[in-house]
Amino acid sequence: MNFEDFFRAELDGLKEEGRYRVFAELERHAGAFPKATRYAGDETHKVTVWCSNDYLGMGQNRVVLEAMHRALDSCGAGAGGTRNISGTNHHHVLLERELADLHGKEAALIFTSGYVSNWATLGTLGAKIPDCVILSDSLNHASMIEGIRHSRADKVIWRHNDVEDLDRKLAAIAPGRPKIVAFESVYSMDGDIAPIAEICDVAEKHGAMTYLDEVHAVGLYGPRGGGVAEREGVMDRLTVIEGTLGKAFGVLGGYIAASAALCDFVRSFSSGFIFTTALPPAVAAGATASIRHLKASELERARQRERVATVRGRLDALGIPHLDNPSHIIPVMVCDAKKCKWISDVLLERYGIYIQPINYPTVPKGSERLRITPSPLHRDADVELLVRALNDLWSQCALNRAVA
Ligand SMILES: *Cc1c(COP(=O)(O)O)cnc(C)c1O
């Protein structure tokens, strides 16, 4: 086989379908979030980032950076091993305590990313619990889907956020079989939020375990940033809460929070936890500082809510259609793959505004969008420029306006 030809042909296929991913090469500026320098060939341009998952700008927060500097200077660069073989640093243990406390659970277990935490935990639970069935929301993240597939447990997909469908599907499974209901709180593409309490009601009725991905909610919702389940007072009803340290907490890593026995079980049996080098201690220290800060400070969350409401209000006034949802994510609907890519390119080139276009297969064809994530650090002038640019481009592309 000519491998090079094969790779090129596959890539050409992606390009023809308009699915080939082009990365914007950025240099983020600590102290000036959400500003960045974009590298394009030999040129550089200043841009304002409007699509970051560093939702609160914690990736540049002073307390986070100071904690990382201190740990780097005291512990050095890497962890030096897997958790089992010399890699468990004091900072990992402190982070796990911080996370257990955040979610009101007995224990927590950290992984090298949120992806790995979902993959490894669902993979291990599904494989090791005898005769287990996993009930997965139809819009679950790839990391959960891959973990479930890897577990080889039976999988049942229930209609997105549809509690009655979940109830029916649970009822159809033999009562004695172990069941896991896996879902997310905030879904990142539509920005809608799961009815967590109702899902717990149904799961409890059928004796199922619950597994909640709060990746797009931790740090952002609840009085201490414990997520939507904290805000709604239902954290204790969830068997497992999974989260990331890479989005609102601004650093890197993933985790689960659950009972001591469940965490110890995953720690002891999960290949994706055991056989990989632990996070650098400085990363763990930065994440701990970030979580601690957001437990005590409402400032960032309040300002973010205000910024989100401001952007929504401005878009409404101009009739620029966006999904109406109760979260911090504003999906501006273009509903045309080519126009979506074109608008994103022009925003970047002409206005210095970076919003990655979201096309198929991340979202269904015909629902192409610009996913805007206002942060506490976007200023009025940034909002002004964004809204003016979108208004211009909406007219140029002759796109539909929403009727107020
Ligand atoms: C980003 C994401 C993850 C993975 O988290 P990382 O820390 O980025 O690996 C898991 N679940 C959902 C819903 C996500 O959007």
Side-chain angles (χ1 to χ4, degrees), residues 21 23 28 51-56 58-59 64 92 95-96 99 102-103 108-125 134 136-150 157 160-161 180-194 196 199 210-221 225 227-229 238 240-258 266 270 272-273 276-280 283-284 286-288 290-291 294 325 327-331 356 358 361-363 369 371-373:
R21 292 169 198 260
F23 297 158
R28 309 208 305 156
C51 58
S52 180
N53 282 342
D54 183 359
Y55 292 125
L56 300 174
M58 292 304 286
V64 175
H92 297 129
L95 173 56
E96 286 173 340
L99 288 164
L102 177 67
H103 294 292
L109 191 68
I110 53 173
F111 299 80
T112 43
S113 73
Y115 187 103
V116 173
S117 66
N118 273 332
W119 180 83
T121 305
L122 285 169
T124 303
L125 295 175
I134 303 179
S136 179
D137 183 284
S138 63
L139 291 188
N140 272 346
H141 188 257
S143 54
M144 284 198 268
I145 296 169
E146 292 295 337
I148 295 165
R149 180 178 307 165
H150 179 73
I157 295 172
H160 175 58
N161 278 350
I180 302 175
V181 174
F183 62 112
E184 302 179 23
S185 56
V186 177
Y187 286 83
S188 78
M189 289 304 147
D190 287 351
D192 56 336
I193 296 181
I196 301 174
I199 290 169
T210 44
Y211 184 102
L212 176 62
D213 174 321
E214 288 248 43
V215 161
H216 291 280
V218 289
L220 303 173
Y221 297 87
V228 179
L238 293 145
V240 181
I241 295 176
E242 182 273 344
T244 185
L245 305 168
K247 290 172 182 167
F249 292 128
V251 193
L252 175 75
Y255 65 90
I256 55 167
V266 176
S270 169
F273 176 82
T276 190
T277 301
L279 287 173
V283 168
T288 304
S290 185
I291 297 161
L294 289 175
N325 67 46
S327 76
H328 59 286
I329 294 162
I330 308 178
Q356 187 67 26
I358 311 279
T362 307
V363 295
R369 64 196 67 182
R371 177 182 177 275
I372 299 178
T373 54

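Because only heavy atoms are used, hydrogens play no part in the values below, and waters and symmetry mates are left out as well, while side chains stay in. Since we're looking at a predicted model, the values are computed, not measured. Note that ligands are numbered from 1 as they come in the structure, with each ligand's atoms numbered from 1 the same way.
- When Asn53, Leu252, Val251, Thr244 are checked for heavy-atom proximity to atom 7 (O) of ligand 1, Thr244 turns out nearest.
- Of the protein's non-hydrogen atoms, Gly114 N, 3.4 Å is the one closest to atom 6 (P) of ligand 1.
- Close contacts between ligand 1 and Asn118 involve ligand atoms 10 (C), 11 (N) [criterion: under 4.0 Å to a heavy atom].
- For ligand 1, the polar-atom distance check finds no N/O of Gly246 at less than 3.5 Å from any of the ligand's N/O atoms.
- Of the possible donor and acceptor atoms, one in the side chain of Glu214 sits under 3.5 Å from a partner among the backbone N and O of Ala229.
- Numbered from 1 in the order shown, with element, the atoms of ligand 1 that lie under 4.0 Å from a heavy atom of Tyr115 read 4 (C), 5 (O), 6 (P), 9 (O).
- In terms of protein heavy-atom proximity, atom 11 (N) of ligand 1 is nearest to Asp213 OD2, 2.7 Å.
- Regarding atom 15 (O) of ligand 1, its nearest protein heavy-atom neighbour is His216 NE2, 2.5 Å.
- Summarising the geometry, atom CG belonging to Asn118 is positioned 3.5 Å from atom CD belonging to Glu242; distances are rounded to the nearest 0.5 Å.
- Side-chain contact of Asp54 with Ser52: a donor-acceptor pair under 3.5 Å is absent, judged by distance alone.
- Shortest contact from atom 14 (C) of ligand 1 to any protein heavy atom: Lys247 NZ, 3.0 Å.
- Taking both residues in full, the closest heavy atoms of Thr244 and Phe249 are given as O-CD1, 3.4 Å, listed atom of the first, atom of the second, then distance.
- His328 and Tyr221 have tilted rings, their planes meeting at an angle from 30° to 60° on a 0 to 90° scale.
- The shell of residues lying under 4.0 angstrom from ligand 1, judged by heavy atoms, excludes Gly254.
- Of all atoms in ligand 1, numbered sequentially from 1 with element shown, those under 4.0 Å from a heavy atom of Glu184 are 13 (C).
- On a distance-only criterion, Ser188 and ligand 1 share no N/O pair closer than 3.5 Å.
- Using modelled atom types, one finds no donor on one side chain facing an acceptor on the other under 3.5 Å when comparing His160 with Asp190.
- Side-chain contact of His141 with Tyr115: a donor-acceptor pair under 3.5 Å is absent, judged by distance alone.
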